[in-house]
Amino acid sequence: MSTKEEIYEELLLEEETVQQNEIVLFNDEVNTFDHVINTLISVCEHSPEQAEQCSLIVHYKGKCTVKTGEYEELKPQCSKLLQAGLNAEIT
């Protein structure tokens, strides 16, 4: 096995071991679409279209994954969503 192949295999193994978490946003009867959309744009750095689509999915399906990544990266974002009055959790 060549050195390039060994390094490539090591990189693949490292990628597989990175734990990906999700911020899941849940529907509520309190927040307006505008508030949810604006919050997703400012906190999760969504585009306006992406934020609108997520808000519609949450409304009709009850929940939607709005961000994926490592736990330490998602924790402050989830906290900001909660502070804005949205119902979210990291899974």
Side-chain angles (χ1 to χ4, degrees):
M1 186 180 298
S2 74
T3 306
K4 280 186 177 182
E5 288 175 324
E6 287 179 29
I7 292 172
Y8 184 68
E9 281 185 23
E10 288 175 17
L11 287 174
L12 286 176
L13 289 174
E14 285 180 25
E15 287 178 10
E16 290 176 10
T17 60
V18 174
Q19 179 67 28
Q20 290 291 305
N21 296 95
E22 302 175 333
I23 297 177
V24 179
L25 183 64
F26 295 94
N27 192 31
D28 62 40
E29 300 299 322
V30 179
N31 292 294
T32 65
F33 279 99
D34 285 340
H35 178 65
V36 174
I37 291 167
N38 290 331
T39 304
L40 289 174
I41 291 169
S42 66
V43 173
C44 297
E45 300 174 354
H46 283 197
S47 67
E49 295 82 8
Q50 183 182 13
E52 183 178 359
Q53 288 175 347
C54 286
S55 68
L56 289 170
I57 292 169
V58 168
H59 180 72
Y60 288 109
K61 300 281 186 175
K63 65 181 180 178
C64 178
T65 298
V66 295
K67 194 79 172 178
T68 59
E70 294 182 38
Y71 182 83
E72 292 304 318
E73 176 188 319
L74 299 179
K75 189 176 177 181
Q77 291 176 321
C78 189
S79 293
K80 289 178 184 176
L81 293 174
L82 295 171
Q83 289 170 357
L86 302 183
N87 187 5
E89 69 178 29
I90 299 175
T91 60

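All figures in this text were calculated on a predicted structure; none of them were measured in a lab.
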Donor-acceptor pair, His46 side chain versus Val66 backbone, under 3.5 Å?
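At least one qualifying donor-acceptor pair exists.
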[X] side, atom [atom1]; [Y] side, atom [atom2] - distance, nearest 0.5 Å:
X	Y	atom1	atom2	value
Glu49	Ile41	CD	CD1	8.5 Å
Leu56	Lys61	CG	NZ	12.0 Å
Asn21	Glu72	CG	CD	9.5 Å
His59	Cys54	NE2	SG	14.5 Å
Lys67	Glu45	NZ	CD	5.5 Å

Give the cluster check for Phe33 versus Val30: same hydrophobic cluster or not, with ILVMFWY residues linked at side-chain heavy-atom distances below 4.5 Å.
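Looking at the clustering, Val30 is in a separate group from Phe33.
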Quick one, Leu25 and Leu40 - any side-chain contact, counting heavy atoms below 4.5 Å?
yes
Side-chain touch Pro48/Ile37, heavy atoms, less than 4.5 angstrom
no
So which atom in [X] and which in [Y] form the shortest heavy-atom distance, rounded to 0.1 Å?
X	Y	value
Cys64	Val58	CB-CG2, 3.5 Å
Val24	Lys63	CG1-CB, 3.9 Å
Val36	Ser55	CG1-CB, 3.9 Å
Glu73	Thr68	OE2-O, 4.5 Å

Can you list every side-chain hydrogen bond (donor to acceptor under 3.5 Å, both in side chains) pair that touches residues 26-43, not counting sequence neighbours?
Asp28-Asn31
Among Leu81, Thr91, Val43, find the residue that satisfies the side-chain contact (heavy atoms from CB on, under 4.5 Å) test when tested with Ile23.
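The residue from Leu81, Thr91, Val43 that satisfies side-chain contact (heavy atoms from CB on, under 4.5 Å) with Ile23 turns out to be Leu81.
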